[in-house]
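Before any comments, here is the structure.
Index from 1, following the sequence. Side chains included, hydrogens not; waters and symmetry mates left out as well; all remaining heavy atoms used.
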Amino acid sequence: MRRHLRLPVLCLIGLAAVPVLAVKDDKPRAVRGQLVVVGGGKPVESIYRRALELAGGPGARVVVVPQASQYVEFSGQKCVDYWKGIGAERVEAVYDLSDATAAAAMLESADLIWFCGGSQTRLMESLTGSGLHEVVRKRYEDGAVVCGTSAGAAVMSRRMILGPAGPRGTPEARYAAVGDGLGLFPDAVIDQHFLKRKRQDRLRRVVLENPALLGVGIDEGTAIVVSGRRFEVVGDSQVVVFDARTLAGVGAVPVVGLPVGTEDRPLDSLTLSPGQRFDLDEGLLAETSGATGN
């Protein structure tokens, strides 16, 4: 059975028909690429195969970026081996970012860019320090498939969850510190390992503090495939969406923080299963019984 549902959201005024990528100079650019954003956990082969198919199939050039890991060579080689194991014929890893020119040349030739897990702060520092974040953005604009798991998922959004706002065991540890990500998915903020690590409270808080952004919590073994302003859930578990845009009265101009006294008000939320699709303006597009990501 299929039924059409709409999550109450507010359409942005004057939105272009072509998907755009917001960058620091606030000048939108047309985007031809797609994102595959994975919530972490053990690799799910169907997700990797879907990403490879989007990039052009086994002959696509896959470039692994392992700088989120403190064990760069080990993590990079592990990712390379996995991609080769599912049939990718041309896979290499960028191990050394000190030669930014050589690293940029590798990324510029990539059909698929894969960010390994680890620390999203470490990954962003590596990319911005070498200037390669701009290369990644350009490849995404030009049509590359950009993918990442765990920390590699967190960096996709404009406002990036860095980690707990306080030491373990303190009340602040339930919430998140935030910083700047790559901004490839500029209308959302991503949280990974979502259901497995019970991160509902921290993503809800981030959304309340950044109500122009859609909160997307992706569980382990699960991914969203983003095309323009729509995404599809694939994999083995679920994705939870938090939406504060109508609560905040957000229009074409983003706001920071909700009015005083609204922090405890409920948010619109929706749990999506594999096979379901979501539009940033229209909400849930269709519900399909028994859909799977495999």
Side-chain angles (χ1 to χ4, degrees), residues 35-52 55 62-86 88 91-97 103 107 110 112-130 132-133 136 140 145-157 159-164 168 176-182 184-185 188-199 202-203 216-226 233-239 293:
L35 304 175
V36 180
V37 189
V38 188
K42 294 181 179 179
V44 174
E45 186 174 318
S46 62
I47 295 175
Y48 284 70
R49 290 191 180 279
R50 175 69 176 274
L52 189 61
V62 179
V63 175
V64 171
V65 181
Q67 273 68 30
S69 175
Q70 60 181 320
Y71 307 107
V72 172
E73 292 191 8
F74 173 80
S75 180
Q77 189 59 53
K78 186 177 179 179
C79 288
V80 167
D81 291 343
Y82 191 87
W83 280 106
K84 288 183 176 179
I86 66 163
V91 189
E92 58 185 335
V94 184
Y95 292 113
D96 184 8
L97 301 187
L107 290 170
L112 187 154
I113 297 171
W114 176 263
F115 293 116
C116 303
S119 163
Q120 50 264 46
T121 302
R122 183 185 299 116
L123 177 56
M124 278 303 300
E125 288 176 349
S126 298
L127 291 173
T128 55
S130 59
L132 294 175
H133 60 302
V136 173
Y140 176 50
V145 178
V146 181
C147 319
T149 186
S150 191
V155 299
M156 300 290 188
S157 50
R159 294 298 289 162
M160 177 181 74
I161 293 179
L162 303 174
R168 182 178 297 179
V178 297
D180 291 331
L182 288 173
L184 305 184
F185 194 16
V189 58
I190 301 292
D191 205 351
Q192 71 277 33
H193 304 281
F194 191 69
L195 298 175
K196 180 74 172 180
R197 300 187 185 178
K198 298 179 174 62
R199 288 177 166 172
R202 83 170 191 176
L203 182 58
V216 182
I218 308 172
D219 199 24
E220 294 185 359
T222 310
I224 59 171
V225 178
V226 182
V233 178
V234 297
D236 291 342
S237 187
Q238 294 176 316
V239 170

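Cys147 SG to Ile47 CD1: the interatomic distance, rounded to the nearest 0.5 Å, is 10.5 Å. Within the model, atoms CG of Leu123 and SG of Cys116 stand 9.0 Å from one another, a figure rounded to the nearest 0.5 Å. Put simply, CD1 on Ile113 and OH on Tyr140 are 11.5 Å apart, with the number rounded to the nearest 0.5 Å. The distance from atom OG of Ser75 to atom CD of Gln70, rounded to the nearest 0.5 Å, is 10.5 Å. For the atom pair Lys42 NZ and Thr149 OG1, the distance stands at 13.5 Å (nearest 0.5 Å).
Asp219 pairs by the salt bridge (charged side-chain N to carboxylate O under 4.0 Å, His left out) definition with nothing, not counting sequence neighbours. Not counting sequence neighbours, the partners of Tyr82 by the ring-ring contact (aromatic ring centres under 6.0 Å, His included) test are Tyr48.
Ser237 and Thr222 make their closest contact through N-OG1, 2.9 Å (heavy atoms, listed as atom of the first residue, atom of the second, distance). In this structure, Ala68 and Ala151 approach most closely via the heavy-atom pair CB-CB, 4.1 Å. Between Leu132 and Ala103, the shortest heavy-atom contact is CD1-CB, 3.7 Å. Here the closest heavy-atom approach between residue Ile161 and residue Ala176 is recorded as CG2-CB, 3.7 Å. Nearest approach of Ala223 to Val36, heavy atoms of both residues: CB-CG1, 4.3 Å.
Phe115 is listed as a side-chain neighbour of Met156, based on a closest heavy-atom distance under 4.5 Å. Here the side chains of Val63 and Glu92 are in contact, with some heavy-atom distance below 4.5 Å. Side-chain atoms of Val216 and Val189, non-hydrogen and from C-beta on, never get closer than 4.5 Å to each other. Within the 4.5 Å cutoff, no side-chain heavy atoms of Met160 are placed close to those of Asp180. Leu184 places a side-chain heavy atom less than 4.5 Å from the side chain of Val136. Counting heavy atoms from C-beta outward, Gln192 and Arg199 have side chains that approach closer than 4.5 Å. Between Val65 and Trp114 there is no side-chain heavy-atom pair separated by less than 4.5 Å. The shortest side-chain heavy-atom distance between Leu182 and Met124 falls under the 4.5 Å cut-off.
Paired with Asp81 under the rule side-chain hydrogen bond (donor to acceptor under 3.5 Å, both in side chains), one option of Lys78, Gln77, Lys84 passes, and it is Gln77.
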Carefully, step by step, assess Gln238 and Leu195 under the rule side chain to side chain contact (heavy atoms under 4.5 Å, CB included). CA-CA 8 Å; Gln238 294 176 316; Leu195 298 175; 3.9 Å; yes

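Put simply, the side chain of Ser150 never gets that close to the backbone of Gly152: no donor and acceptor are under 3.5 Å apart. Judged purely by atom type and a 3.5 angstrom limit, Arg49 uses its side chain to pair as donor or acceptor with the backbone of Ile86.
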